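Some notes on the structure that comes next.
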Number of protein chains: 2
Amino acid sequence: MEKLDRFDIAILKILQHDNFTPQRDIGQKIGLSAAAVQRRVKRMKAEGVIQRNVSVINREKIGRPITLFVEVIMESEKAEFIDSTKAIFRTTPEVQQCYYVTGDADFMLIIVVPTMHDYELLTRRIFFGNNYIKHFRTMVAMDLVKVGLDVSLDAIVL
Amino acid sequence: MEKLDRFDIAILKILQHDNFTPQRDIGQKIGLSAAAVQRRVKRMKAEGVIQRNVSVINREKIGRPITLFVEVIMESEKAEFIDSTKAIFRTTPEVQQCYYVTGDADFMLIIVVPTMHDYELLTRRIFFGNNYIKHFRTMVAMDLVKVGLDVSLDAIVL
DNA sequence: ATAAAAGTGAAACAAAATTGCACAAAAGCC
DNA sequence: GGCTTTTGTGCAATTTTGTTTCACTTTTAT
């Protein structure tokens, strides 16, 4: 865990909202020179605090309007089965997010597809074709109330 | 839904992976001038195809190592209750993602916190304090197998 | 108290994005 | 078909942004 001061936090807050914000503007907003901002951003990238920089694409505007949640329950928790199943989910483009969890389910997936028919085909491919999967439970997203990868930076202990 | 040609798709693929890729490089890779790339990106931003541009912050490096899934079941589906509950989730920083879903649950939440203790305090604040919530079911993420907001662009019909 | 290390602002510099312009290809329109 | 309009392109000039340099200040450790 890296040590970050209030300037770093302030920079991260801005960047996780809009990473095209000019460093001059950031500097002005938080009371630092552009060069200082530049160095801090560079450092945080190198440290891995800033993991990556991405554009978020509107799934509806490109014909992928269906978002689904899938809870997957495995037949067994054997590491071998778990790992191979992780690999499948990781490499399936329609699987936007995949988490290995404790609790009632083993995996939680978020899947984005053009139509329910595509989802049906997908289930045949990745669920019914996998003998380690006992069963799965699907929920359809009706409203994407809040979508992002933002991390709360408000109450960071300095 | 906007109409996108193969160049647009190629640009989006690159940008949703790394939006700091120089437009010259993009142009070279897909066979277009930097200016053409620039105009297409500008257009797609204006159209909302590119929704936003963000830095992804490593939750562990800033002291937020706990990721949780929460299924929320409501007492009633009255629009009034649903809407006010949406508003709470939307404005709670620890709630990274919130989806209103059909199926066994009403809401699916992804929550990111420093410790389980913080989660306990959060549940008191946003779940136990809300009379419309019948109950909730928590799953703890052990492995973030795949985390992102990428949309599959492979089989786009042109 | 002093030396080393780390961080800073201002200015010079380099690299990228953006704009203007002339031209070519595709889309309506008689 | 021929014509115009629209849309998109590449190249070059311009502007903006990011990066490096350097002298100076603050902090840290001895």
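Just so it is clear, the structure is predicted and the values come from calculations on it, not from any experiment. Chain naming here is simple, since letters A, B, ... match the order of the sequence lines and numbering starts at 1 in each. Scope of the values below: all heavy atoms of this structure, side chains included, with no hydrogens, waters or symmetry mates.
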Donor-acceptor pair under 3.5 Å: do we get one between R39(A)'s side chain and the base of dG7(C)? no
Any N or O donor-acceptor pair under 3.5 Å from the base of dA15(C) to the side chain of R24(B)? no
Test your reading of the model: is there a side-chain donor-acceptor pair from Q97(A) to the backbone of I110(A), 3.5 Å cut-off? no
Using heavy-atom distances to pick each residue's nearest nucleotide on DNA chain C, tell me which of V37(A) and Q23(B) is more 5'. V37(A)
What integer distance in Å separates R40(A):CZ from dT19(D):P? 16 Å
note: M44(A), atom CE; dG18(D), atom P; distance rounded to Å ~ 14 Å
Out of dG18(D), dT8(C), dT9(D), which nucleotide sits closest to the side chain of L32(B)? dT9(D)
Separation of I30(B) atom CD1 from dT9(D) atom C1', in whole Å? 13 Å
From the list dG9(C), dG10(D), dG18(D), which nucleotide is the closest neighbour of the side chain of A36(B)? dG10(D)
Protein-nucleotide distance (K42(A), atom NZ; dT19(D), atom C1'), rounded to Å: 8 Å
Roughly, in whole Å, what's the span from CZ in R6(B) to C1' in dG8(D)? 14 Å
So, using side chain to side chain contact (heavy atoms under 4.5 Å, CB included) as the criterion, who are the partners of D118(B) when residues are at least two apart? V113(B), P114(B), T115(B)
State whether the side chain of T92(B) and the backbone N or O of E94(B) hold a donor-acceptor pair below 3.5 Å, judged by distance alone. no
For A35(A), answer base if it contacts any base atom (sugar-phosphate contacts may also be present), sugar-phosphate if it contacts only those atoms, and nothing otherwise; contact means non-hydrogen atoms under 4.0 Å. base
Value in whole Å for how far the P atom of dG10(D) lies from CD1 of I26(B): 14 Å
Would you say a side-chain N or O of Q38(A) is under 4.0 Å from OP1 or OP2 of dG18(D)? no
By nearest-heavy-atom nucleotide on DNA chain C, the more 5' of F20(B) and R43(A) is R43(A)
Does V49(A) offer a backbone N or O that forms a donor-acceptor pair with the side chain of N58(B) under 3.5 Å? no
Take atom CZ of F7(A) and atom P of dT27(D), then tell me their distance rounded to the nearest Å. 12 Å
note: D8(B), atom CG; dT7(D), atom P; distance rounded to Å ~ 15 Å
Can K42(A) and E47(A) be counted as an ion pair, charged N to O under 4.0 angstrom? no
